[in-house]
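Side-chain atoms are counted along with the backbone in the values below, which use heavy atoms only and exclude waters and symmetry mates.
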Amino acid sequence: MITDPISDMLTRIRNAIRVKTDKVDIPASRMKIEIAKILKEEGFIKSYKIIKDKKQGIIRINLKYAAEGDSVISNLERISKPGKRVYVSKNEIPHVMGGLGIAILTTSHGIMTDKECRQKGVGGEVICYIW
């Protein structure tokens with residue numbers, strides 16, 4: 001049993017990037033699908049697809065690499081963990097790598113990037129940083 005499924009998702013992506021595979025399969029959940037959607041919209045991955053199975057389903061993420069073979073994602077960092085939740089107000093939303101990366105937050109309006117949270121004026125729990 002996995003105690004932190006979001007951390008597991010980020011680790012699977014990180015490991016897939018290190019071995020330079022084209023795709024990675026992750027057990028699906030609503031939150032993971034929303035994170036994959038944000039990664040696609042922000043240009044960190046090529047695409048994602050939800051594959052139905054007899055259990056919870058699988059998210060297949062197609063990773064994106066630059067022409068030199070380097071991954072578009074430099075790093076993924078889990079911020080709020082089950083043992084230590086990290087919440088921020090609308091005035092404390094972090095800037096990741098001076099604006100080059102994104103922070104993904106879960107708010108009362110759903111899962112959003114740091115930029116969307118600033119525009120809507122909402123805070124929430126910081127899930128992870130990606131750059």
Side-chain angles (χ1 to χ4, degrees):
M1 189 172 108
I2 300 169
T3 57
D4 188 5
I6 302 304
S7 183
D8 177 63
M9 174 186 187
L10 299 177
T11 300
R12 285 178 190 232
I13 293 171
R14 194 179 304 114
N15 290 343
I17 289 168
R18 286 199 179 129
V19 295
K20 299 195 183 303
T21 60
D22 291 337
K23 61 185 179 249
V24 61
D25 289 347
I26 300 163
S29 74
R30 281 183 281 162
M31 185 178 248
K32 292 179 194 174
I33 291 168
E34 288 298 315
I35 292 170
K37 185 173 154 186
I38 288 173
L39 290 175
K40 169 72 174 115
E41 289 169 358
E42 295 292 324
F44 286 106
I45 61 172
K46 280 185 194 173
S47 63
Y48 70 95
K49 182 168 78 171
I50 297 149
I51 301 167
K52 302 283 185 198
D53 66 357
K54 300 234 186 306
K55 299 176 188 170
Q56 65 194 41
I58 296 169
I59 305 169
R60 177 162 290 158
I61 294 178
N62 294 310
L63 300 170
K64 191 175 187 180
Y65 294 93
E68 310 84 55
D70 296 331
S71 173
V72 174
I73 299 172
S74 298
N75 203 358
L76 305 108
E77 185 179 340
R78 180 79 157 121
I79 303 302
S80 189
K81 299 173 181 155
K84 183 182 179 202
R85 299 291 182 185
V86 178
Y87 295 95
V88 293
S89 69
K90 64 180 181 180
N91 301 324
E92 300 169 334
I93 297 170
H95 291 274
V96 180
M97 299 292 287
L100 296 175
I102 63 167
I104 299 178
L105 290 89
T106 179
T107 69
S108 57
H109 298 278
I111 297 173
M112 305 180 194
T113 64
D114 53 345
K115 193 165 95 175
E116 292 172 312
C117 287
R118 279 189 210 92
Q119 288 173 348
K120 293 188 178 183
V122 294
E125 182 182 354
V126 183
I127 299 172
C128 62
Y129 294 160
I130 299 167
W131 66 92

| Any donor-acceptor N/O pair, Arg18 side chain to Lys20 backbone, under 3.5 Å | no
| request: State, to 0.1 Å, how close Val122 and His109 come at their nearest heavy-atom pair, and which atoms those are. | output: CG1-CD2, 3.2 Å
| task | Give the minimum heavy-atom separation between Gly43 and Val72, together with the two atoms involved. | result | O-CG1, 3.6 Å
| task | Look up atom CD in Glu125 and atom CD1 in Ile104, then write down how far apart they are to the nearest 0.5 Å. | result | 12.5 Å
| N/O donor-acceptor pair under 3.5 Å between Arg14 side chain and Leu76 backbone | yes
| task | Output the distance between atom NZ (Lys90) and atom CG (Leu105), rounded to the nearest 0.5 Å. | result | 14.5 Å
| request: Return the minimal non-hydrogen interatomic distance between Gly101 and Asp114, and the atom names on each side. | output: O-OD2, 4.5 Å
| Arg85 atom CZ: more than 12 heavy-atom contacts under 6.0 Å | yes
| task | Assess whether side-chain contact (heavy atoms from CB on, under 4.5 Å) is satisfied between Ile6 and Cys128, documenting all intermediate values. | result | CA-CA 9 Å; Ile6 302 304; Cys128 62; 5.6 Å; no
| task | Identify the heavy atoms of Ile45 and Ala36 that sit nearest to each other, and give their distance. | result | CD1-O, 3.6 Å
| request: Indicate if Trp131 and Ile127 have the same hydrophobic cluster label, given that clusters are the connected sets of ILVMFWY residues with side-chain heavy-atom separations under 4.5 angstrom. | output: no
| In terms of hydrophobic clustering (I, L, V, M, F, W, Y; side-chain heavy atoms under 4.5 Å; direct or indirect links), are Ile17 and Ile59 co-clustered? | yes
| note | Separation between OG (Ser7) and CZ (Arg12), nearest 0.5 Å, reads 11.5 Å
| request: Following the transitive rule for hydrophobic clusters with a side-chain heavy-atom cut-off under 4.5 Å over Ile, Leu, Val, Met, Phe, Trp and Tyr, establish whether Ile93 and Met112 coincide in one cluster. | output: no
| said: Between Met31 and Ile61, is there shared hydrophobic-cluster membership here, with clusters defined by ILVMFWY side-chain heavy atoms closer than 4.5 Å? | reply: yes
| Which atom of Glu116 lies closest to which atom of Thr113, heavy atoms considered | OE1-N, 2.9 Å
| query | Just by modelled atom types, is the His95 backbone N or O under 3.5 Å from a matching donor or acceptor in the Tyr129 side chain? | reply | no
| task | Go through the steps for Val96 and Ile130 under the test side-chain contact (heavy atoms from CB on, under 4.5 Å), then give the verdict. | result | CA-CA 8 Å; Val96 180; Ile130 299 167; over 6 Å; no
| Heavy-atom pair with the smallest gap, counting every atom of Pro82 and Thr3 | CG-O, 4.1 Å
| ILVMFWY network linking Ile79 to Ile38, side-chain heavy atoms under 4.5 angstrom | no
| message | Using side-chain contact (heavy atoms from CB on, under 4.5 Å), reason through Ile26 and Ile13 one step at a time and then give a plain yes or no. | response | CA-CA 9 Å; Ile26 300 163; Ile13 293 171; 4.0 Å; yes
| field | Backbone N/O of Lys46 and side chain of Lys40: donor-acceptor pair under 3.5 Å | value | yes
| Do Asn15 and Val19 come close enough that some side-chain heavy atom pair is under 4.5 Å? | no
| field | Distance (rounded to the nearest 0.5 Å) between Ile50 CD1 and Lys32 NZ | value | 12.5 Å
| said: Arg78 vs Asp4, test: side-chain contact (heavy atoms from CB on, under 4.5 Å). Steps then yes/no. | reply: CA-CA 10 Å; Arg78 180 79 157 121; Asp4 188 5; 2.9 Å; yes
| Under 3.5 Å, side chain of Arg60 to main-chain N/O of Tyr48, donor-acceptor pair present? | no
